[in-house]
*Asks:* 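Okay, handing you the structure first.
Along the sequence shown, residues are numbered consecutively beginning with 1.
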Amino acid sequence: MAALRAAKQAMRREIKKRVAALDDQEKLRQSRVISQKLFKHPKYARCERIAVFLSMHDEVRTEEIIQDLFKHGKTCFMPKYLTQGTSNHMDMVKLTSMEDMMSLPLTSWNIRQPAADDNTREEALETGGLDLILMPGLGFDRKGNRLGRGKGFYDSYLERCMKHPKGKPYTIALAFREQLCQDIPVGDNDVLIDEVLCDVLD
């Protein structure tokens, strides 16, 4: 277990260094290519209830994707992270518009999310479940292994999805090419993702 933790930490440092070397223009260029790939994806076209992360500075930009979700009348959900003591819990709550997104407060991670006491929003698993989750992460390999930031938010949420009548949604990771790795070290609690979209020829 300690060896796995150390291997993951070393890989996180390496990937962070590679992504930090990208300038904003290149991040935006790759993000646009990835967004266009997603818009042509048959799963995306068919899915109605979609969860998407609000991107941090070292992640694929998702604003264009969120705009497209609303443009096509899809139901958009976003992460709400709750950290209490050692417990890390995440819900996927409904976002109603771009204006709704822009009105959300900024967290210490400099991403927007509903305030902790905002309990009025629909949570995906309390209603119709999810068809698709667009996944963030630090690193990915072609076998579907994902390296997160070490908090386990998404792995725990996917476990909860599996208990929902609708079952596990399809998962697509959005990644800069610098986040692709040959092999990601994984443990028993790491959930495989279905597909990685990035700015390289598949």
Side-chain angles (χ1 to χ4, degrees), residues 27-28 30-82 88-107 109-137 140 146 148-149 151 153-176 191 193-198:
K27 286 178 188 168
L28 193 56
Q30 289 197 40
S31 297
R32 283 179 175 151
V33 171
I34 292 160
S35 296
Q36 291 307 313
K37 277 189 171 185
L38 179 70
F39 299 156
K40 293 172 188 160
H41 197 294
K43 285 277 185 191
Y44 179 80
R46 281 200 304 271
C47 291
E48 288 300 323
R49 294 169 63 88
I50 299 176
V52 58
F53 59 96
L54 274 53
S55 43
M56 293 199 282
H57 67 94
D58 59 352
E59 294 173 334
V60 169
R61 305 287 181 265
T62 55
E63 292 88 347
E64 193 180 351
I65 295 167
I66 295 166
Q67 283 177 333
D68 192 77
L69 287 171
F70 290 125
K71 182 177 145 189
H72 289 97
K74 296 177 185 289
T75 308
C76 179
F77 294 87
M78 59 163 288
K80 181 180 178 182
Y81 304 100
L82 303 163
N88 292 320
H89 180 85
M90 181 180 77
D91 287 327
M92 288 293 185
V93 296
K94 189 173 177 179
L95 199 58
T96 58
S97 65
M98 291 303 289
E99 294 73 25
D100 182 24
M101 182 185 85
M102 294 310 296
S103 72
L104 297 173
L106 284 169
T107 67
W109 298 316
N110 206 35
I111 53 172
R112 295 185 184 279
Q113 79 162 22
D117 59 358
D118 178 355
N119 299 314
T120 58
R121 293 173 185 270
E122 176 187 338
E123 204 291 319
L125 294 184
E126 288 174 6
T127 51
L130 287 166
D131 301 317
L132 172 66
I133 300 182
L134 301 175
M135 305 273 290
F140 309 91
R146 169 183 171 272
R149 294 175 189 270
K151 302 285 188 188
F153 286 118
Y154 277 85
D155 290 321
S156 300
Y157 193 78
L158 287 170
E159 292 285 353
R160 284 167 59 202
C161 288
M162 289 174 200
K163 294 172 186 159
H164 189 275
K166 195 166 198 166
K168 178 181 167 289
Y170 197 78
T171 48
I172 298 178
L174 308 178
F176 296 124
V191 181
I193 52 175
D194 293 305
E195 198 174 335
V196 181
L197 277 191
C198 60

*Asks:* Mind checking the CG-OG spacing from Leu174 to Ser35? Nearest 0.5 Å is all I need.
*Replies:*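 Leu174 CG to Ser35 OG: 7.5 Å, rounded to 0.5 Å.
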*Asks:* Would you tell me whether Thr107 and Gln113 have side-chain atoms, one donor and one acceptor, within less than 3.5 Å of each other?
*Replies:* no
*Asks:* Calculate, to the nearest 0.5 Å, the distance between atoms CE and CD belonging to Met92 and Glu126 respectively.
*Replies:*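 Interatomic distance, Met92 CE to Glu126 CD, rounded to 0.5 Å: 14.0 Å.
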*Asks:* Which atom pair, heavy atoms only, marks the closest approach of Ala45 to Lys74?
*Replies:*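 Answer, listing the atom of Ala45 first, then Lys74: O-NZ, 3.2 Å.
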*Asks:* Between Leu95 and Leu104, does the side-chain contact (heavy atoms from CB on, under 4.5 Å) criterion hold? Intermediate values first, please.
*Replies:* CA-CA 10 Å; Leu95 199 58; Leu104 297 173; 4.0 Å; yes
*Asks:* Do Thr171 and Leu132 have side-chain heavy atoms sitting under 4.5 Å apart?
*Replies:*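 Of all side-chain heavy-atom pairs linking Leu132 with Thr171, none is under 4.5 Å.
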*Asks:* Is Lys166 salt-bridged to Asp131, going by a charged N under 4.0 Å from an acidic O?
*Replies:* yes
*Asks:* Any side-chain heavy atom of Ser97 sitting closer than 4.5 Å to one from Met101?
*Replies:*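 No, every pair of side-chain atoms sits at 4.5 Å or beyond.
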*Asks:* About how many Å separate CG of Leu69 and CE of Met98, when rounded to the nearest 0.5 Å?
*Replies:*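 So the gap between those two atoms works out to 10.0 Å.
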*Asks:* Identify the heavy atoms of Glu195 and Tyr170 that sit nearest to each other, and give their distance.
*Replies:*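 Of all heavy-atom pairs spanning Glu195 and Tyr170, the closest is OE1-OH, 2.6 Å.
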*Asks:* Do Ile172 and Met135 have side chains that get closer than 4.5 Å, going by heavy atoms?
*Replies:*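 In short, these two side chains do not touch, never coming nearer than 4.5 Å.
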*Asks:* Looking only at non-hydrogen atoms, find the nearest pair between Met90 and Tyr81 and report the distance.
*Replies:* SD-CE2, 3.4 Å
*Asks:* Between Glu122 and Arg49, is there a salt bridge with N-O shorter than 4.0 Å?
*Replies:* yes
*Asks:* With rounding to the nearest 0.5 Å, note down the distance linking OH in Tyr157 to NZ in Lys168.
*Replies:*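 Rounded to the nearest 0.5 Å, the OH-NZ separation comes out at 13.0 Å.
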*Asks:* I'd like to check Val60 versus Arg32 (side-chain heavy atoms, cut-off strictly below 4.5 Å). Are they in contact?
*Replies:*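 No. Closest side-chain heavy atoms not under 4.5 Å.
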*Asks:* For Leu38, does its backbone N or O pair with a side-chain atom of Lys43 as donor and acceptor, under 3.5 Å?
*Replies:* no
*Asks:* Evaluate the side-chain contact (heavy atoms from CB on, under 4.5 Å) criterion for residues Lys80 and Asn119: first the C-alpha distance (whole Å), next the side-chain angles of each, then the deciding distance (0.1 Å), finally the verdict.
*Replies:* CA-CA 11 Å; Lys80 181 180 178 182; Asn119 299 314; 3.9 Å; yes
*Asks:* For His164 and Thr127, work out which heavy atoms get closest and say how close.
*Replies:* NE2-O, 3.3 Å
*Asks:* Less than 4.5 Å apart, side chain to side chain, heavy atoms only: is that true for Phe77 and Ile133?
*Replies:*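 With C-beta onward as the side chain, the pair stays apart.
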*Asks:* Are the side chain of Asp155 and the backbone of Val191 linked by a donor-acceptor contact shorter than 3.5 Å?
*Replies:*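 Checking the backbone N and O of Val191 against the side chain of Asp155, a donor-acceptor pair under 3.5 Å is found.
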*Asks:* Is Asp100 salt-bridged to Arg121, cutoff N-O under 4.0 Å?
*Replies:*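 So Asp100 pairs with Arg121 through a salt bridge.
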*Asks:* Do the charged groups of Arg149 and Glu59 touch, with an N to O distance under 4.0 Å?
*Replies:*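 A salt bridge is present here (some side-chain N lies under 4.0 Å from a carboxylate O).
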*Asks:* Between atom OG1 of Thr75 and atom CG of Leu130, what is the distance when rounded to the nearest 0.5 Å?
*Replies:*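 Output value for this atom pair is 10.0 Å.
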*Asks:* Pair Ile65, Leu134 - check side-chain contact (heavy atoms from CB on, under 4.5 Å), show working.
*Replies:* CA-CA 10 Å; Ile65 295 167; Leu134 301 175; 3.8 Å; yes
*Asks:* Mind checking whether Val52 and Cys76 have side chains closer than 4.5 Å, heavy atoms only?
*Replies:* yes
*Asks:* Quick one: NZ on Lys71 to CD on Glu64, what's the gap to the nearest 0.5 Å?
*Replies:* 9.0 Å
*Asks:* Write down the atom of Pro114, the atom of Pro79, and the distance for their closest heavy-atom approach.
*Replies:* CD-O, 4.5 Å
*Asks:* For side chain to side chain donor-acceptor pair (under 3.5 Å), just list the numbers for Tyr44 and Asp68, CA-CA rounded to whole Å, side-chain angles, deciding distance to a tenth of an Å, and then say yes or no.
*Replies:* CA-CA 11 Å; Tyr44 179 80; Asp68 192 77; 2.7 Å; yes
*Asks:* Please report the closest heavy-atom contact between Val196 and Phe140, naming both atoms and the distance.
*Replies:*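 Closest approach of Val196 to Phe140: CG2-CB, 3.9 Å.
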*Asks:* Is any side-chain heavy atom of Asn110 closer than 4.5 Å to a side-chain heavy atom of Met56?
*Replies:*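 A side-chain contact under 4.5 Å is absent here.
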*Asks:* Would you mind reporting whether Tyr154 and Arg146 have side-chain heavy atoms less than 4.5 Å apart?
*Replies:*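 Yes, at least one pair of side-chain atoms sits under 4.5 Å.
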*Asks:* The test is side-chain contact (heavy atoms from CB on, under 4.5 Å); show your working for Arg46 and His41 and say whether it passes.
*Replies:* CA-CA 9 Å; Arg46 281 200 304 271; His41 197 294; over 6 Å; no
